[in-house]
Amino acid sequence: MENKFDFREMQAREDRFVPGHRMCAGCGGPIAVRNVLKALHPGDKAVIGNATGCLEVSSFTYPYTSYTDSYIHTAFENAGSTLSGVETAYRALKKKGKITDDYKFITFGGDGGTYDIGLQSLSGAMERGHDMVYVCYDNGAYMNTGIQRSSATPMYADTTTTPVGSQSNGKPQTRKDLAAIMAAHNIPYVAQTTFIGNMKDLYDKSEKAIYTPGPAFLNIMAPCPRGWRYDAPEIINICKLAVETCYWPLFEVIDGKWILNYKPEKKVPLEEFLKTQGRFKHLFKPGNEYLIEAFQAEVDRRWDELLVRCGEK
């Protein structure tokens, strides 16, 4: 695919995720959805799926929706199987000549409905090879139901089910590497991205995912002001720090080949990312330096592992 990017042209495209939703100011979810759908070529049709979660309850109240394309709300656990079923029905009807138009199939789910509750149906859809895109907007917890920890929650994060106190330093476990799990399915396209610069990385990967035949998976870090506890205008800075500290590397896996999309000239210390969020404020209390050191070591380990996978080390 020829890689062209014109920011003005892309942003001038008609919105397929329109105003009227009730997502929080400073939320990464609608930024992710709006820009992923901007990657659809003008005139192309799509069916959009959406697992239960913040995005669903805030963008769909029957009979109203913020999506201009055909839209299906699914349960937490079956976004992958729902869209794979629709894609299969579409191919059958097209083969019989009952449908002539071309459609793309894209479904969105938060990390709770993707990393955890919906992992089985997602894995099945990817393994079967359906021509669809699954987009995870990863805000690192079950935000819709009260900021409970998920397997996407980073270590030491303060959540309502891993509360910080005299006997707890937050979530003790590390974050699941879902992008690597999806890559292990040997699907044509997997990518990890977030909101930086002029959204070129997000747009390019969305376009590749949508127009690569077969199953594709996008993992997009989409910060949550309520759960992460930051001021709304800080979202882009937080995303930039996540990339510059290598907490959230930008990479893609194309037909099994791992490609690193960005390598910081000088890796920023992880604490610069952590200090932007209230969920990590306990890490900066005297005596807790060892927690930041442990977190930094985990980020360094994963970064080195990624460099090896990408042939950079």
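- With hydrogens and angles disregarded, a donor-acceptor distance shorter than 3.5 Å links the side chain of Asn261 to the backbone of Phe251.
- Taking Ile, Leu, Val, Met, Phe, Trp and Tyr as hydrophobic and joining them when side-chain heavy atoms fall under 4.5 Å apart, one finds Phe76 in a cluster with Ile117, Tyr142.
- Between the side chains of Tyr71 and Glu56, no donor N or O sits under 3.5 Å from an acceptor N or O.
- Looking only at side-chain heavy atoms (C-beta outward), Tyr103 and Asp69 stay at 4.5 Å or farther from each other.
- Taking Lys267 as the reference, Asp300 meet the salt bridge (charged side-chain N to carboxylate O under 4.0 Å, His left out) condition, with sequence neighbours excluded.
- Atom CG of Leu260 and atom CD of Glu312 lie 5.0 Å apart (nearest 0.5 Å).
- Side chains of Asp44 and Tyr211: a donor-acceptor N/O pair is present below 3.5 angstrom, by distance only.
- Using modelled atom types, no side-chain atom of His130 and backbone atom of Thr88 make a donor-acceptor pair closer than 3.5 Å.
- When only modelled atom types and interatomic distance are considered, Tyr115 and Asp138 share a side-chain donor-acceptor pair under 3.5 Å.
- Within the 3.5 Å criterion, the main-chain N or O of Val57 finds a donor-acceptor partner in the side chain of Arg22.
- By the 30° and 60° cut-offs, the orientation of the rings of Tyr62 relative to Phe60 is perpendicular.
- Of all heavy-atom pairs between Phe195 and Gly28, the closest is CZ-O, 3.2 Å.
- Between the side chains of Glu127 and Asn186, no donor-acceptor pair of N or O atoms lies under 3.5 Å.
- Aromatic ring centroids of Phe217 and Tyr189 lie 6.0 Å or more apart.
- Relative ring orientation between Phe273 and Trp228 is described as perpendicular, the plane-to-plane angle rising above 60° on a 0-90° scale split at 30° and 60°.
- Between Val164 and Tyr156, the closest side-chain pair of non-hydrogen atoms is not below 4.5 Å.
- The closest donor-acceptor contact from the side chain of Lys38 to the backbone of Tyr203 lies at 3.5 Å or more, if one exists at all.
- Taking every heavy atom of both residues into account, Asn50 and Thr107 meet most closely at N-OG1, 3.6 Å.
- Counting only heavy atoms from C-beta outward, the side chains of Thr162 and Gln173 never approach each other to under 4.5 Å.
- Residue Ser150 comes nearest to Gly140 through the heavy atom pair OG-C, 4.0 Å, listed as atom of the first residue, atom of the second, then distance.
- The closest donor-acceptor contact from the side chain of Thr52 to the backbone of Thr74 lies under 3.5 Å.
- None of Glu272, Glu271, Gln277 except one satisfies the side chain to side chain donor-acceptor pair (under 3.5 Å) rule with Lys275; the exception is Glu272.
- Of all non-hydrogen atoms in Tyr137 and Cys54, the two that sit nearest each other are OH-N, 3.7 Å.
- Gln192 places a side-chain N or O within donor-acceptor distance of the main-chain N or O of Pro249, the cut-off being under 3.5 Å.
- Using a distance-only test at 3.5 Å, with no hydrogens or angles considered, no donor-acceptor pair links the side chain of Gln296 to the main chain of Ala294.
- A donor-acceptor pair under 3.5 Å is absent between the side-chain atoms of Lys171 and the main chain of Arg149, judged by distance alone.
- Of all the heavy atoms in Met182 and Met126, the pair that sits closest is SD-CG, 3.9 Å.
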